[in-house]
2 protein chains.
Amino acid sequence: MHSIRIVARRTGLSAHVIRIWEKRYRAVEPDRTATNRRLYSESDVERLSLLHAATASGHSIGLIAQLPTAHLRQLLSRSAAVAPAPCSEPPAPETLRNQCVAAIRDLDQHELERLLRGAALQHGTQGVLQKLVAPLATDVGRLWQQGEITAAHEHFASAVIRGFLTDLARPFALTPAAPMLVVGTPAGQIHELGAVIAAAAATAHGWRVTYLGPSLPACELASAALRTESRAVALSVVYPKDDPDLSRELEQLRSYLPARTAIIVGGRAAGAYARVLDRIGARIAVGIEDFYALLDQVRSGDGAPGQPERKPV
Amino acid sequence: MHSIRIVARRTGLSAHVIRIWEKRYRAVEPDRTATNRRLYSESDVERLSLLHAATASGHSIGLIAQLPTAHLRQLLSRSAAVAPAPCSEPPAPETLRNQCVAAIRDLDQHELERLLRGAALQHGTQGVLQKLVAPLATDVGRLWQQGEITAAHEHFASAVIRGFLTDLARPFALTPAAPMLVVGTPAGQIHELGAVIAAAAATAHGWRVTYLGPSLPACELASAALRTESRAVALSVVYPKDDPDLSRELEQLRSYLPARTAIIVGGRAAGAYARVLDRIGARIAVGIEDFYALLDQVRSGDGAPGQPERKPV
DNA sequence: TCTTGCTTGTCAACTTTTTGTTCAAATTTT
DNA sequence: AAAATTTGAACAAAAAGTTGACAAGCAAGA
């Protein structure tokens, strides 16, 4: 549950506007504390983000404020708002993932996209990332390591999911004053799925993301961050858990970057490099929730790297 | 239901014109809000788009405004072949490419997307591929080789262009009985831009494409082609012009594939491997036009590989 | 050729509606 | 005590509505 200030920051709307939209159009109707403060849920935040994106692209708030959230997503993903698919049966979450894996095995792009789209309508942007895409990415990584699927399958899945997530996050990419973030994987890390997810998550969280893709040397990551005046660099580290080069790369990255630029590292293998990461003052993101929290910290300026955090949270 | 502004944007007409067409010819008669604002339905939007297209191709609005929507569609499908593009201000094609290169240098995603989208509106799907994206990809490759841009720039450009082309080709991906095509780059070829372009071009040309991404060993390309029952495998070969492994990869690919599956190879370095390609009966695509022609050949069954073509065309 | 009238898009003026912001005062949180 | 939140009222800018005028393009007739 979030206060109006947090919601304002995350949606890019002013608190005034959020209140007036509630008063005039009942766009959202948040809970209240015992003392009458507004308390917004995660889905309220998403709804307001969608409304913001929609108004920014020209729709008038009076006409769309009452639309169901699913319609808003549709309105944004394509300007063709037609009848929404009436989902009759909610498919079990595990089944859905298995269906996705099956589609990847069959290299069936249409099917995989259909499954992803359906899940996005059901669970929303945040939900589909946490409940489907992230665990699916882990599955794919595991299956590939076990030799159950080939690199072709992995590439295929990356390509389709990447396209889907780009689409998904597009409506959010509008706030002009949003902080910048560079996303990629360091040299030697060839799996980009984690980075793709991070990019989509950050975009949906109100950041402007420069996505650079997999396997980039430290100097290039750094120069991209400088060029875009980024507040942080987010890296995904998945497969080789014991790459000595990677430690060197990370230290170089830290040395190239100004102190105010944070480094956030996520992915299955991030823990294996805890020593280096600690030394360079990087933050480790465990799961998407944690990633969001770290982004908020960095954004609100609590980002002195190289030192232990000042406020224990 | 849409406000007049949204309709104006989606149809390309000015709000003035929409209102005057309603007043004079009753071209559409939208609903009104309680306060007299116009509210357009999805079919109103389509109708106005059709009217716009029809007037642009020479029909006078007074004569067609009252026609049923189905007639308008017919009218357009007939005269589409004759449509003369009245370009008011053609921004020099080279300038545009330079602007794109500048946006890539700045890692400015918004700007690059804006330029691409604008060009797509001007030149259409086919046109933007041939006139902008393909030469731009060559530029990027050249600049990278000359060390004028870094791998980060190249990745960034790939990511943005990939997203743009996926979007661009989406509306075409509808034919269920279309022939299948696998697109990727062989092992060792790390530049995927050519493959992305090929995938978009083939999709726009009516194929169903399985995009696998860069650097895949022959056995995986082959098994993907088998799995999807593809009629052809399209590969992009750009950078190392003298990779002995690549020759071996290509021969393996041929041996894994059934004879009826064609291999099409494009990209700047394709010519350098002419010997192998000839030996395995692969076709070399020089430019996009040529690629289309080869796709047509394969589709129409003239695809016996390993032999010179039977019908000189 | 010139005039006349019709078609069609654009403009200007003015009104009403929509929508974001500002101000002030009371209450709560830090 | 200072900073936030809530509420209502008022305000100003933007957008949309209507009406009437006007100019360019075109066809037909004097």
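Excluded from the calculations below are hydrogen atoms, water molecules and symmetry mates; all remaining heavy atoms, backbone and side chain alike, are included. Each chain gets a letter, A, B and so on, in the order its sequence line appears, and its residues count up from 1.
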Seminar exercise, completed: Residue set satisfying side-chain contact (heavy atoms from CB on, under 4.5 Å) with A27(A), at least two apart, ordered chain then number -> W21(A), L51(A), A65(A)
For this session: Figure out the CD/P separation between E22(A) and dT7(D), and round it to whole Å.
Result: 7 Å
For this session: Only counting residues at least two apart or in another chain, list the ones meeting salt bridge (Lys or Arg N to Asp or Glu O under 4.0 Å) with E111(B).
Result: R114(B)
Problem set entry | Considering all heavy atoms, the nearest I197(A)-A134(A) contact | CD1-CA, 3.9 Å
Problem set entry | Atom-to-atom span, CG of L63(A) to P of dA15(D) - whole angstrom | 15 Å
Problem set entry | side-chain contact (heavy atoms from CB on, under 4.5 Å) involving A202(A) - partner list, sequence neighbours excluded | L181(A), W207(A), V209(A), F291(A), L295(A)
Exercise. End-to-end bend of the helix from dT1(C)-dA30(D) to dT30(C)-dA1(D) (five-pair axes, 10° rounding)?
Worked result: 40°
Exercise. Which pairs count as salt bridge (charged side-chain N to carboxylate O under 4.0 Å, His left out) when at least one residue sits in residues 4-19 of chain A, sequence neighbours excluded?
Worked result: R10(A)-E42(A)
Exercise. Toward the 5' end of DNA chain C, which comes first, G62(A) or S14(B), by nearest nucleotide?
Worked result: S14(B)
Seminar exercise, completed: The first and last nucleotides of DNA chain C lying within contact of chain A, meaning any atom under 4.0 Å from one of its heavy atoms, run from dT19(C) to dT29(C)
For this session: Just jot down the side-chain hydrogen bond (donor to acceptor under 3.5 Å, both in side chains) partners of S223(A), sequence neighbours excluded, or say none.
Result: none
Exercise. Hey, does S60(A) reach any base, or is it just sugar-phosphate, or nothing, if we go heavy atoms under 4.0 Å?
Worked result: sugar-phosphate
Exercise. Using a cut-off of 4.0 Å on non-hydrogen atoms, how would the nucleic acid contact of T33(B) be classed: base, sugar-phosphate, or nothing?
Worked result: nothing
Donor-acceptor contacts under 3.5 Å from residues 30-40 of chain B side chains, at least two apart:
residue	atom	partner	partner atom	Å
R32(B)	NH1	N36(B)	O	3.0
R32(B)	NH1	N36(B)	OD1	3.2
R32(B)	NH2	E22(B)	OE2	3.4
T33(B)	OG1	T35(B)	N	3.1
T33(B)	OG1	T35(B)	OG1	3.0
T33(B)	OG1	N36(B)	N	3.3
T33(B)	OG1	R37(B)	N	3.0
R38(B)	NE	E22(B)	OE1	2.6

Exercise. Can you tell me if Q66(B) uses its side chain to pair, donor with acceptor, with the backbone of Y25(B) under 3.5 Å?
Worked result: yes
Exercise. Which residues satisfy the side-chain contact (heavy atoms from CB on, under 4.5 Å) test with A152(B), sequence neighbours excluded?
Worked result: L212(A), L216(A), E220(A), T150(B)
Exercise. Sequence neighbours excluded, which residues qualify as ring-ring contact (aromatic ring centres under 6.0 Å, His included) partners of Y292(B)?
Worked result: H205(B)
What pairs of nitrogen or oxygen atoms, one from the protein and one from nucleotides 17-27 of chain D, lie under 3.5 Å apart?
residue	atom	partner	partner atom	Å
dG17(D)	OP1	R38(B)	N	2.7
dG17(D)	OP2	R19(B)	NH1	2.5
dG17(D)	O5'	R38(B)	NH1	3.1
dG17(D)	O3'	N36(B)	ND2	3.3
dT18(D)	OP1	R32(B)	NH1	3.4
dT18(D)	OP2	R38(B)	NH1	3.1
dT18(D)	OP2	R38(B)	NH2	2.6

Problem set entry | Any residue meeting side-chain contact (heavy atoms from CB on, under 4.5 Å) with T228(A), in chain and number order, not counting sequence neighbours | M180(A), V182(A), T210(A), S230(A), L107(B)
